[in-house]
Protein chains: 2
Amino acid sequence: MSSSKRVADSTVRRLSLYLSFLEELEQTGASTVSSDMLARLGGTTSAQVRKDLSIFGSFGKRGLGYDVEELTSKLRGILGLEQSWRVCVVGAGKLGLALAQYPGFAEKGFHVAAVYDAAPARIGTKWDSLTVRDARDLAGDASAEHFDIGVIAVPSEAAQSVADQLVAAGIHAIMNFAPVQIIVPPDVVTRTVNMALEFEALSFALANWSR
Amino acid sequence: MSSSKRVADSTVRRLSLYLSFLEELEQTGASTVSSDMLARLGGTTSAQVRKDLSIFGSFGKRGLGYDVEELTSKLRGILGLEQSWRVCVVGAGKLGLALAQYPGFAEKGFHVAAVYDAAPARIGTKWDSLTVRDARDLAGDASAEHFDIGVIAVPSEAAQSVADQLVAAGIHAIMNFAPVQIIVPPDVVTRTVNMALEFEALSFALANWSR
DNA sequence: GGATGTGAATGTCTTCACAGCT
DNA sequence: AGCTGTGAAGACATTCACATCC
């Protein structure tokens with residue numbers, strides 16, 4: 001329960017995966033699921049599944065497994081998906097657009113409340129119900145609109161400066177899509193999704209295929 | 001050299017990061033760099049940097065550090081970025097489009113050679129110099145065009161089936177952007193970029209902020 | 001019987017600290 | 001003196017294996 005132990009990143013990722021399987025299972029009408037089943041779907045071991053879940057409590061019944069509906073809801077709670085988060089996207093290029101419009105995003109409770117850009121040509125553009133705002137208004141808007149998550153979808157050169165603005169605006173969680181490392185104060189959480197990095201990892205694997 | 005030791009994923013990611021810093025440094029004209037400098041830029045420790053590099057050889061000079069140009073080229077070699085890889089993208093939606101057109105992609109040696117889609121409405125569409133092909137031609141084209149990397153940019157439901165087709169076409173490296181786990185034979189490398197997962201990790205951090 | 005929850009053992013990655021080269 | 005390269009120690013994550021409960 002909101003324990004003080006630091007939870008490993010890999011654990012959180014797996015919990016997310018388990019949740020997505022559980023949501024599929026719910027559709028099929030399955031009422032119960034074993035750690036072994038979840039492990040198979042997620043490419044881990046049953047022991048791993050049980051360890052992951054045991055960090056947060058005892059959700060299963062020995063001899064039976066886990067109740068699909070109950071575990072789903074527990075995981076949603078743990079991952080903070082019961083509530084809806086207010087997201088502001090900075091950078092109204094292709095990526096920003098894709099994010100703001102991606103439907104699976106809103107479904108999971110990530111509500112894109114605003115989009116900002118610095119380029120005059122983009123400011124004022126309408127996307128569905130959103131109008132691209134002037135990036136300079138970010139700090140002012142933030143206090144009233146209380147954004148939870150800031151998304152950086154600008155070119156590398158501008159990324160750190162945007163991060164600084166987001167932090168100054170009181171945002172404590174940043175998702176960074178620019179392929180650079182971002183520096184933030186310790187009370188701000190950052191994740192960087194760096195596609196170049198991912199492709200280079202594939203390249204490495206191919207180049208060293210000879211093992 | 002091309003040793004048989006398994007290299008940790010986290011190490012490969014950091015090598016990628018170091019490389020991108022080195023490329024920046026080259027611009028500034030710096031001729032030498034210390035592990036401590038690289039560590040600062042990449043958010044690790046100097047010991048970590050040295051360990052990472054030492055897996056592949058001794059590239060530095062004691063008392064001096066690393067030669068920027070030399071290390072850059074070594075890392076390119078290790079990551080397989082000296083050669084250019086032939087990429088085929090399956091799924092001509094927003095994401096596929098963004099990838100095919102992203103300039104930094106070609107710069108790094110990832111050459112998008114073909115784009116496929118199953119929807120008749122999209123087949124034949126032209127993007128720059130690329131024409132969207134019929135997904136059913138994938139297997140046939142592959143033998144002649146020798147794709148190195150396949151990119152899955154289709155909805156979840158279709159992802160596994162596309163993966164199977166890529167594998168059947170003789171492709172050994174797959175980058176998956178669908179938010180599902182993909183199953184492939186052991187001689188095929190996969191990486192999944194799952195944005196939902198990343199956002200849920202942020203959500204988790206926010207929800208457990210109370211530490 | 002069947003499957004969970006969990007200490008103990010194992011394995012993997014990171015950090016320390018220092019010898020050794022320039 | 002300065003900074004690398006690396007064995008040893010430490011921290012962390014995963015797997016084993018079994019007592020425990022349905």
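By convention in this document, chain letters (A, B, ...) are assigned in the order of the sequence lines, proteins followed by strands, and residues within each chain are numbered from 1.
In summary, B/Asp67 and B/Lys74 do not engage in a salt bridge, as defined by a charged side-chain N under 4.0 Å from a carboxylate O.
Checked against salt bridge (charged side-chain N to carboxylate O under 4.0 Å, His left out), B/Glu70 has no partners two or more places apart in sequence or in another chain. B/Arg62 pairs by the salt bridge (charged side-chain N to carboxylate O under 4.0 Å, His left out) definition with nothing, not counting sequence neighbours. For A/Glu24, the salt bridge (charged side-chain N to carboxylate O under 4.0 Å, His left out) test picks out no residue, with sequence neighbours left out.
Note: CZ (A/Arg6) to C1' (C/dT14) measures 13 Å, nearest angstrom. As a whole-Å value, the separation of A/Phe56 CZ from C/dG5 P is 14 Å. Following rounding to the nearest Å, B/Arg14 (CZ) and C/dT12 (P) show an atom-to-atom distance of 16 Å. One atom, CE of B/Met37, and another, P of D/dG2, lie 18 Å apart when rounded to the nearest Å. Spacing between atom CD1 of A/Ile55 and atom C1' of C/dT4 amounts to 15 Å, rounded to whole angstrom units.
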* To do: Determine, stepwise, if the pair A/Phe177 / B/Met195 fulfils side chain to side chain contact (heavy atoms under 4.5 Å, CB included).
  => CA-CA 10 Å; A/Phe177 286 99; B/Met195 290 196 206; 3.8 Å; yes

* Verdict with reasoning, B/Leu19 to B/Thr72, per side chain to side chain contact (heavy atoms under 4.5 Å, CB included) -> CA-CA 6 Å; B/Leu19 176 57; B/Thr72 304; 3.8 Å; yes

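Screening residues 87-109 of chain B for ring pair (Phe, Tyr, Trp, His ring centres under 6.0 Å) gives A/Phe199-B/Phe105, B/Phe105-B/Phe110 as the qualifying pairs, with residues at least two apart or on separate chains.
Phosphate proximity of D/dA13 to A/Ser10: absent, as no side-chain N or O sits under 4.0 Å from OP1 or OP2. For B/Gln48 and C/dC13, the shortest distance from a side-chain N or O to OP1 or OP2 is not below 4.0 Å.
Rounded to 10 degrees, the angle separating the terminal helix axes of the helix from C/dG1-D/dC22 to C/dT22-D/dA1, each built from five base pairs, is 10°.
Atom CG of A/Leu53 sits about 7.0 Å away from atom CD1 of A/Ile78, to the nearest 0.5 Å.
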* Structure fact -> Each nucleotide of nucleotides 3-9 of chain D classed B (base within 4.0 Å of a protein heavy atom), S (only sugar-phosphate) or -, in 5' to 3' order, makes BBBBBB-

